[in-house]
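Reading through the structure tokens given below for one structure.
All figures in this text were calculated on a predicted structure; none of them were measured in a lab.
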Amino acid sequence: MHLDGDRWTTFFGSFEREAFRLETLPVYSVEGEMEEFETFRATGKLELSEDDPWLLRVRSFRDSGRRIRRVHIVTRPLSDYLRYEFAAYRYNVEAGEDVRILDLTDRENPGLPDRDFWLFDGSQVVAMNYRSDGTQISRDLLEAPDLNQYRQWKELALSLSVPFSEYGSDVVGRP
């Protein structure tokens with residue numbers, strides 16, 4: 001089932017305990033971020049307001065006892081987009097999201113998939129489908145995923161990653 005617009009927003013907000021995201025791409029082409037991204041590229045600075053919609057949601061989830069966790073797999077050198085995203089991660093962490101980085105620059109992939117997904121409460125998987133340029137194609141709730149496999153990928157990614165705050169502030173904010 002495709003999850004777009006309000007359907008996605010409602011589905012996402014319905015998790016009870018934990019939403020986990022695996023991110024694998026060096027670039028995400030998000031239409032609503034283009035102006036902000038270009039400003040970041042020019043200045044090396046990103047200022048998000050306290051009422052940013054994602055940050056409000058993360059705080060709301062945190063305040064209700066729910067967790068948002070994310071592992072982003074990266075290789076260096078980081079793309080301009082990743083540096084921008086890392087600048088945003090600082091705000092996500094402050095809002096209560098557990099953001100982690102798995103740097104595979106000097107090591108083999110330990111068996112993680114090369115595709116993005118969300119795992120909700122360990123029982124529902126949403127495949128995040130993208131074109132090669134990072135443009136999103138769709139979000140699809142998988143009907144009969146191998147939940148054990150997705151749970152194993154989640155645990156592996158979490159066990160091998162480091163908290164964003166430990167990854168290195170020198171990669172954020174450099175033009």
Side-chain angles (χ1 to χ4, degrees), residues 1-9 11-12 19-46 48 52-54 57-58 68-92 97-120 124-147 149-158 160-162 164 167-168 170-175:
M1 168 177 39
H2 287 306
L3 296 171
D4 292 321
D6 289 340
R7 180 182 272 180
W8 170 241
T9 301
F11 177 84
F12 193 100
F20 170 79
R21 169 82 187 259
L22 183 70
E23 290 183 312
T24 63
L25 300 178
V27 175
Y28 293 90
S29 180
V30 180
E31 190 173 312
E33 293 178 347
M34 287 303 141
E35 184 177 331
E36 192 176 79
F37 173 56
E38 290 305 322
T39 300
F40 175 82
R41 286 182 67 204
T43 66
K45 293 181 170 63
L46 177 66
L48 296 181
D52 175 88
W54 176 249
R57 281 192 101 186
V58 170
I68 300 279
R69 304 177 85 183
R70 166 190 323 253
V71 173
H72 200 138
I73 299 172
V74 302
T75 57
R76 287 170 282 154
L78 298 179
S79 66
D80 286 344
Y81 183 85
L82 278 179
R83 289 188 310 99
Y84 159 76
E85 193 163 56
F86 281 19
Y89 283 166
R90 174 173 54 97
Y91 292 95
N92 294 20
E97 184 176 348
D98 177 15
V99 178
R100 302 177 66 85
I101 305 300
L102 176 53
D103 191 331
L104 295 181
T105 300
D106 298 320
R107 62 190 200 200
E108 294 288 319
N109 184 319
L112 292 165
D114 62 355
R115 61 189 179 278
D116 288 30
F117 66 87
W118 280 98
L119 176 62
F120 294 94
Q124 294 182 299
V125 177
V126 174
M128 306 294 286
N129 302 305
Y130 296 91
R131 291 188 180 93
S132 60
D133 70 352
T135 302
Q136 189 173 67
I137 299 167
S138 66
R139 297 178 200 96
D140 296 314
L141 177 61
L142 301 182
E143 290 187 27
D146 180 347
L147 288 174
Q149 179 64 78
Y150 282 93
R151 290 176 193 138
Q152 287 173 3
W153 284 333
K154 171 192 156 194
E155 293 307 319
L156 181 61
L158 288 169
L160 296 175
S161 61
V162 297
F164 174 72
Y167 183 67
D170 64 323
V171 298
V172 178
R174 246 189 299 152

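- Put simply, the side chain of Tyr81 never gets that close to the backbone of Gly134: no donor and acceptor are under 3.5 Å apart.
- Here Gln152 pairs with Gln149 under the side chain to side chain contact (heavy atoms under 4.5 Å, CB included) rule; sequence neighbours left out.
- Across Asp98 and Arg69, no two heavy atoms sit closer than the pair OD2-NE, 3.1 Å.
- The salt bridge (charged side-chain N to carboxylate O under 4.0 Å, His left out) test applied to Asp4 returns Arg139, not counting sequence neighbours.
- Residues Trp118 and Met128 are in side-chain contact: their nearest non-hydrogen atoms beyond the backbone lie under 4.5 Å apart.
- Counting heavy atoms from C-beta outward, Thr24 and Ile73 have side chains that approach closer than 4.5 Å.
- One distance of note links CD of Glu23 with CD of Glu85; it measures 5.0 Å at 0.5 Å rounding.
- Inspection of the Ser138 and Asn129 side chains reveals an N or O donor paired with an N or O acceptor under 3.5 Å.
- Atom CG of Asp6 has 12 or fewer heavy atoms from other residues, nucleotides or ligands within 6.0 Å.
- Listed by first then second residue, pairs satisfying salt bridge (Lys or Arg N to Asp or Glu O under 4.0 Å) with a partner in residues 100-110 read Arg76-Asp103, Arg76-Asp106, not counting sequence neighbours.
- In terms of modelled atom types and a separation under 3.5 Å, the side chain of Trp8 and the main chain of His2 share no donor-acceptor contact.
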Set out, in order, the CA-CA distance, both residues' side-chain angles and the distance that settles side-chain contact (heavy atoms from CB on, under 4.5 Å) for Leu78 and Phe86, then state yes or no. CA-CA 10 Å; Leu78 298 179; Phe86 281 19; 3.7 Å; yes

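- Under the side chain to side chain contact (heavy atoms under 4.5 Å, CB included) criterion, Val125 pairs with Phe117, Leu119, Leu142, Pro145, Leu147, Tyr150, not counting sequence neighbours.
- Listed for the Ser79 side chain is a donor-acceptor partner under 3.5 Å among the backbone atoms of Pro26.
- With sequence neighbours excluded, the residues satisfying side chain to side chain contact (heavy atoms under 4.5 Å, CB included) with Leu25 are Tyr28, Asp116, Tyr130.
- In plain terms, the two heavy atoms of Arg70 and Asn92 that are nearest each other are NH2-ND2, 4.0 Å.
- Looking at heavy atoms from C-beta onward, Glu36 lies out of side-chain contact with Thr39 at the 4.5 angstrom threshold.
- Closest approach of Arg41 to Asp80, counting heavy atoms only: NE-OD2, 3.3 Å.
- Here the side chains of Leu112 and Leu102 are in contact, with some heavy-atom distance below 4.5 Å.
- The shortest side-chain heavy-atom distance between Ile68 and Trp54 falls under the 4.5 Å cut-off.
- For Thr9 against Arg57, the heavy-atom pair with the smallest separation is O-NH2, 3.1 Å.
- Between Asp133 and Ser29, the closest heavy-atom pair is O-CB, 3.8 Å.
- Closest approach of Pro110 and Leu156 over heavy atoms only: O-CD2, 3.6 Å.
- The shortest side-chain heavy-atom distance between His72 and Val99 does not fall under the 4.5 Å cut-off.
- Remark: Glu155 engages no residue in a salt bridge (charged side-chain N to carboxylate O under 4.0 Å, His left out) (not counting sequence neighbours).
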